[in-house]
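Each remark here refers to the structure printed beneath this line.
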Protein chains: 2
Amino acid sequence: MSSSRVPTNKKTAVACNNCSLSELCLPRGLTKEELTRLESAIDKAIKINKKDYLYRRDDPHQAIYAVKSGSIKTSLSTLEGEEQILGFYLPGDLVGFDAFANNKHSCDAQALEDTFVCELNMDSFHELCGSIASMRNGMMRQVGMEIGREHQLLLTLGQMRTEERLATFLTGIAERNQSRGFSSREFYLPMPRHDLANYLGMAVETLSRMFSRLQEDGIISVNHRLIEILAPERLKGLGHHQCR
Amino acid sequence: MSSSRVPTNKKTAVACNNCSLSELCLPRGLTKEELTRLESAIDKAIKINKKDYLYRRDDPHQAIYAVKSGSIKTSLSTLEGEEQILGFYLPGDLVGFDAFANNKHSCDAQALEDTFVCELNMDSFHELCGSIASMRNGMMRQVGMEIGREHQLLLTLGQMRTEERLATFLTGIAERNQSRGFSSREFYLPMPRHDLANYLGMAVETLSRMFSRLQEDGIISVNHRLIEILAPERLKGLGHHQCR
DNA sequence: AGGAATGCCTGACTTAGATCAAGTTTTACT
DNA sequence: AGTAAAACTTGATCTAAGTCAGGCATTCCT
């Protein structure tokens with residue numbers, strides 16, 4: 001199943017400090033020597049084919065992963081085969097903190113498209129956290145951001161109407177892209193409608209209607225998974241439930 | 001507002017290794033000497049009066065707290081004054097991880113009743129995490145459990161019908177009590193209906209109806225906030241969406 | 001290239017749960 | 001103790017969103 005994970009592809013491996021994502025996944029304030037240590041501990045550019053699992057629930061906690069290209073979704077599945085998607089992870093995001101509680105993963109992580117990740121195995125992780133304070137702090141920061149993302153999603157699922165959920169989601173993606181130097185006006189969504197609807201806690205049909213509505217209102221332009229935001233301020237305005 | 005936090009009450013202070021909660025909040029595998037260090041860093045038995053805030057959004061991250069008695073709710077509030085409750089913290093639980101991302105809290109933490117907490121300030125926290133591996137691991141475990149709780153809540157809000165949400169919640173409380181040596185058949189809920197409804201993403205009226213329904217079906221007996229579980233297996237059976 | 005399967009959209013209908021309204025009980029305050 | 005406020009329940013009504021059904025468009029596979 002997840003056997004299509006291939007060994008490090010030396011050709012695409014790039015030193016961390018030359019990687020465009022280093023700002024995102026590298027803790028600040030590492031000395032040159034510490035950076036070398038971190039770098040030598042990281043397995044670079046592991047390929048996960050579309051629909052393959054990076055890990056599954058109950059797998060032992062082997063590593064923390066940084067998404068280099070592509071995208072990953074994490075989800076919880078029930079005995080009846082239903083699922084709840086917990087998060088989408090895009091380039092620059094770190095995945096794998098869900099296994100901290102028991103040293104085994106508590107959810108599934110699946111590639112939405114062909115994806116490359118860098119991998120920091122847990123032995124190295126513990127060693128580096130033990131000996132480098134800024135590494136430890138950087139990781140806590142990342143875990144904190146993960147918790148923050150989940151809080152935001154709880155607010156979305158608990159308080160918002162469907163249109164508002166989609167508006168908030170799209171605004172979030174736009175802002176994320178902005179902060180990473182990509183276009184905040186036009187982007188591709190990596191996930192199918194089915195997954196996005198599940199993530200946002202609504203039926204696919206409802207999601208589809210909301211896309212249509214936002215388009216009719218001239219707020220966005222939808223072309224399959226290519227989204228163009230025509231009126232960012234109006235879109236943002238639909239997200240009533242902004243945090244105080 | 002939160003000014004009614006009073007200084008450490010020496011009278012009620014109990015050494016960590018004599019505290020009945022030590023199993024829960026103390027990391028395993030500390031040497032005697034390490035335990036002494038941890039203990040001397042902890043401020044014990046700080047009282048938070050009912051409705052007072054342990055911390056508020058944007059407060060600087062001063063400490064991690066262990067609930068000793070009473071209960072705390074954490075919540076996100078929006079500009080319009082609506083809120084989403086994120087979690088209820090009962091004796092033995094640790095609160096305060098939400099501030100890891102930016103060194104300031106990202107949600108509010110308010111006492112549901114008069115509550116005592118122990119406090120480990122962040123300076124000590126960092127120092128202990130830096131020098132004691134089992135302390136570091138224990139904290140990661142706790143953060144992982146926090147993430148796991150939130151995943152469970154996302155599943156609840158995203159997939160379950162209202163009756164199932166309540167059933168799952170009650171089963172969870174019962175199991176939690178069981179594992180801590182309290183009664184899993186009979187317990188008081190520390191929060192008002194309003195808060196529980198908000199946490200479970202439904203209207204108060206709906207929550208009330210679901211309580212009545214479970215009572216009519218002879219599954220539980222409700223007396224205000226005192227809940228007696230008459231048919232634990234049937235209650236658990238209502239929680240369809242159990243994780244694979 | 002052709003066929004099957006998947007993904008996405010739209011319309012018609014149904015329903016779970018929200019909202020509105022009112023009454024009772026419990027708690028809080030002077 | 002007495003009054004006001006808050007907490008909880010129940011009933012009647014309404015609506016947002018789910019479900020069902022059908023039809024294109026796109027992707028995947030041989």
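Order of the sequence lines fixes the chain letters, A, B, ..., with proteins taken first and strands second; residue numbering starts at 1 for each chain.
Across the protein-nucleic acid pair, E163(B) atom CD and dT15(C) atom P stand 18 Å apart, rounded to whole Å. Rounded to an integer number of Å, the gap from L200(A) CG to dA17(D) P is 12 Å. At whole-Å resolution of the value, CE in M202(B) and C1' in dA16(C) are 12 Å apart. At whole-Å resolution of the value, CZ in F211(B) and P in dA7(D) are 15 Å apart. When the C1' atom of dT27(D) is taken as reference, atom CG of D114(A) falls 15 Å away, rounded to whole Å. Taking atom CD of Q159(A) as the reference point, atom P of dT19(C) lies 10 Å away to the nearest angstrom. The CG atom of N223(B) sits 13 Å away from the C1' atom of dT9(D) (whole-angstrom rounding). Computed from coordinates, the M191(A) CE to dC8(C) P distance equals 11 Å when rounded to whole Å.
Each end of the helix from dA1(C)-dT30(D) to dT30(C)-dA1(D) yields a helix axis from five base pairs, and these two axes differ in direction by 60° (to the nearest 10 degrees).
If you run side-chain hydrogen bond (donor to acceptor under 3.5 Å, both in side chains) between S71(B) and each of E113(B), Q110(B), K50(B), only E113(B) comes through.
Considering only side-chain atoms of V222(A), the nucleotide from dA17(D), dC9(C), dC8(C) that sits closest is dC9(C).
Side-chain N/O atoms of H224(A) include one lying less than 4.0 angstrom from OP1 or OP2 on dT26(D). At least one side-chain nitrogen or oxygen of S208(A) sits closer than 4.0 Å to the OP1 or OP2 atom of dC9(C). Between R225(B) and dT26(C) there is no side-chain polar atom (N or O) within less than 4.0 angstrom of OP1 or OP2. A close approach under 4.0 Å does occur between a side-chain nitrogen or oxygen of S212(A) and OP1 or OP2 of dT10(C). Applying the 4.0 Å criterion to OP1 and OP2 of dT9(D), one finds that R209(B) has every side-chain N and O outside that range. An OP1 or OP2 oxygen of dA17(D) is reached within less than 4.0 angstrom by a side-chain nitrogen or oxygen of T162(A).
No side-chain heavy atom of R56(B) sits less than 4.5 Å from a side-chain heavy atom of D58(B).
In summary, K68(A) and D93(A) do not engage in a salt bridge, as defined by a charged side-chain N under 4.0 Å from a carboxylate O. Ion pairing of E216(B) with R213(B) is absent here, as no side-chain N (NZ or NE/NH1/NH2) approaches a carboxylate O to less than 4.0 Å.
Note that the CD atom of Q62(A) and the CG atom of N121(A) stand 9.0 Å from one another [nearest 0.5 Å].
Counting distance only, with no hydrogens placed and no angle test, the side-chain atoms of E205(B) and the base atoms of dC8(D) include no donor-acceptor pair under 3.5 Å.
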Legend entry - T78(B) and Q242(A): CA distance, side-chain angles, deciding distance, side-chain hydrogen bond (donor to acceptor under 3.5 Å, both in side chains) verdict: CA-CA 5 Å; T78(B) 67; Q242(A) 289 169 60; over 6 Å; no
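Side-chain contact, D108(A) with T74(A): no donor N or O sits under 3.5 Å from an acceptor N or O.
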